[in-house]
Amino acid sequence: MTFLSPDRWLWMLIAIPIIALYIVRPRLRRRNVSSLLFWDQLFDQKRQVSWWRRLRHWLSLLLQLVFVGLLGFALLDPLLSEGRTSNRTVIVIDDSASMKVEAGGQTRFDLAILKAKKVLSSMRAGDQVALVAGGKPASVVTGWTDFPPLVEDALNEMSPRSTPTDLGTARKIAADLVGRENRIGSNAQNPRERIAPKKGVRTLYPKRDLTPFSRILTLSDFAAEQDPDVDTELSVDIQVIPDSAPESSNVGIIQFTARRSFADPIGYSCLIKVLNASDQTTERRLTLTLANPETGEEELVDVVNLKLQPEETFERVFESSSQTGGRLTAILDSSDLLSDDDTATSWVIPRPPVPVIAVADEPNVYLESVLDAVPLVQATFTDAPLRMLFLPFYFSMCFSGKVQTVHPFPF
Amino acid sequence: MFDSQFLQRLEYLSLLSRQVFGGQLLAQRRTKQTGGGVEFADHREYVAGDDLRMLDWKVFARHGDLLLKRFQEEEDLHVYLFLDCSVSMWLREENQNESNTKKALNSRSSRGVEKARPKTINKFDFARQITAALAYIALADLDRVAIIGYSKEISQMLPPTRGKNRILSLLQFLETLETDGDRTDLPSVVDQFIARGPRRGLAVVLSDFLDQEGYRRGLDRLRHHRFEPHVVQIHTPEEAKPTLLGDIELIESETGEHRKMTITERKLREYENLFEQFCETLQQYCRTYGLSYIRASNDIGFDDVLLKMMRTAGVVA
């Protein structure tokens, strides 16, 4: 037997004042009286058996010392190492965007962190734990360690990302961490399954004779997986965050793409899909804006008032034009439980202007009107032929009514 | 203990007893036995063998009847003073400066129950003073006085003595008395006393009578042997109205037994009731058998007790 906290032996010193108080207990005031006749009648004392009178004092001391001993023993945190196997736990914690949903004043991710810390606090000496992030891309946060504070620090540094869930990869990573030698093997075909009364908790336990005992604990809201794929070869704990049925009152942008128009040189179109995932009809306002990245000016593209029935999807293609392009942003007003899907951003690539130098001996009004009418063309009219020597190779020149491409270095 | 001032008070009490009661306090009561006294009692007829010197010749001369004169024989009254010398009588009232006792006294005084008590002597000294006073008065009346110090048996005894000039030796005897014994056994003391064949007389028992059943049998035996018991119950104010409060260990002075207890105000009131019931029982016993009963607390002077006895004797005798 080993003690995990041997420094707490000091608590045993409590016994010293207890013993001292028993030995040096305050004496009662003594008073001589002529007779105890009346006092005995008054108190009607049943004289106790003499041996019990002698023993009860020391028995009381003994009981108190036993209590102090048990208390000190518990504080020492004894560990019965004989016959005990160490546990290995991989905590897969979902840090996808859906974990940002607030539930009871805390986000799902906060609840998952709390549950993970609870698991850490229940670890005993020799137990090992690893931490895997379940957001996309899934990754190992901390490898195997038997030092829970290290994992706790990693948990504190984690935050939900704006990425989808990738629990499949995360579990695969977890299974790789556990390793083949720790798999259940021949006992896998008959795992004992227990459905916990708490909703959303399913636990598969291996037989007790399996050593070492390894398990994968998945903490996720399973927003993207209706039926989590459980690897029955391993002991898998799945805890759905939150424990209670999730409150579905979310309206979010589920698709937002933008592209340049093939017909219009400066035109672009964007596809937007908004889903009402709540149980009731919801009214929202969708605002599309285009921000110029160079000037920072924001241009209002469109505003649409939405009235969506439960599970209804709004889908529309917006078309507009912009030569400079920029960041196209769709915003749903009045944020709900998940604010991440209330905003979507896409980029409209800019169309750079094509500089054109028109060299002519005489001004040509017709040519100027034509060039000005063409989008993206930045026409310059000149009558100095020598300037063509300094033009870059990709410039086009137009003269005498014929367009030719000229090598920039004609010499 | 018996200084000159004490003797002066004894003399005053002796004179007072004669003036007030005309010698009816203890002695000066003649026996009804006829015999060789000087005081004429009655006549009876002469029978052969009677002493001719006792014939009333004047009656024979006048009436011709042979009558014999009879005289009341004077006999000294024997006064036996039973003084309890058990350890419980030596108990001095404990110091009253303890904090909780003070508190109790203050609380009780504030309710008007009890005032601050004067410094008192212990019960044994108080009983010795009363014994000395009674003996002085008896000796002054030419009675024979004997003092029996007892606890579980007769420890010391002053044989019957007579004459006022014996008072000093009597006081000296009282001064030499000491308390001893782990209990009081009045019945066996009376048996021991009766076995010595004393003459009948007054038996004054001075004790605290804390042996609840034993005193009855002892007094009964005195009565059955035609002694005339008088009861003087002596107690301390602390015994009647204790001021103990809180956690305390009480030790019985005679047996050394101890009890640990927590005394509350309610328990104190119950104790006072018990003690009063005990005194009432003793008084009722004395009233039943026509015995005089005096209850004396040692916080008053012994002369006050004597005066109280005189008044009681005046009524009873």
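None of these values were measured; they are calculated from a predicted model. Chain A is the first sequence line, chain B the second, and so forth, proteins listed ahead of strands; every chain is numbered from 1.
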Contacting moiety of B:Thr262, where chain A heavy atoms sit under 4.5 Å: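 The backbone, not the side chain.
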Heavy atoms from other residues, nucleotides or ligands near CD of B:Glu276 exceed 12 (cutoff 6.0 Å): yes
A:Lys100 atom NZ, over 12 foreign heavy atoms within 6.0 Å: yes
Side chain to side chain donor-acceptor pair (under 3.5 Å) partner of A:Ser34, the single match among B:His235, B:Glu239, B:Glu238: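 Of all the options given, the one that passes is B:Glu239.
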Closest non-hydrogen atom pair, A:Leu42 against B:Lys267: CD2-O, 3.2 Å
Measuring from [X]:[atom1] to [Y]:[atom2], what's the distance to the nearest 0.5 Å?
| X | Y | atom1 | atom2 | result |
| --- | --- | --- | --- | --- |
| B:Met261 | A:Asp40 | CE | CG | 6.5 Å |
| B:Glu252 | A:Leu36 | CD | CG | 4.5 Å |
| A:Leu37 | B:Phe275 | CG | CZ | 10.5 Å |

Partner chain A: residue of B:Thr255, B:Asn273, B:Leu250 with the largest heavy-atom pair count (under 4.5 Å): B:Leu250
Residue of the set B:Leu244, B:Ile251, B:Ile263 for which side chain to side chain contact (heavy atoms under 4.5 Å, CB included) holds with A:Arg31: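 Testing A:Arg31 for a side chain to side chain contact (heavy atoms under 4.5 Å, CB included) against B:Leu244, B:Ile251, B:Ile263 leaves exactly one candidate, B:Leu244.
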Aromatic plane relationship, B:Tyr271 with A:Phe38 - under 30° parallel, 30 to 60° tilted, over 60° perpendicular: perpendicular
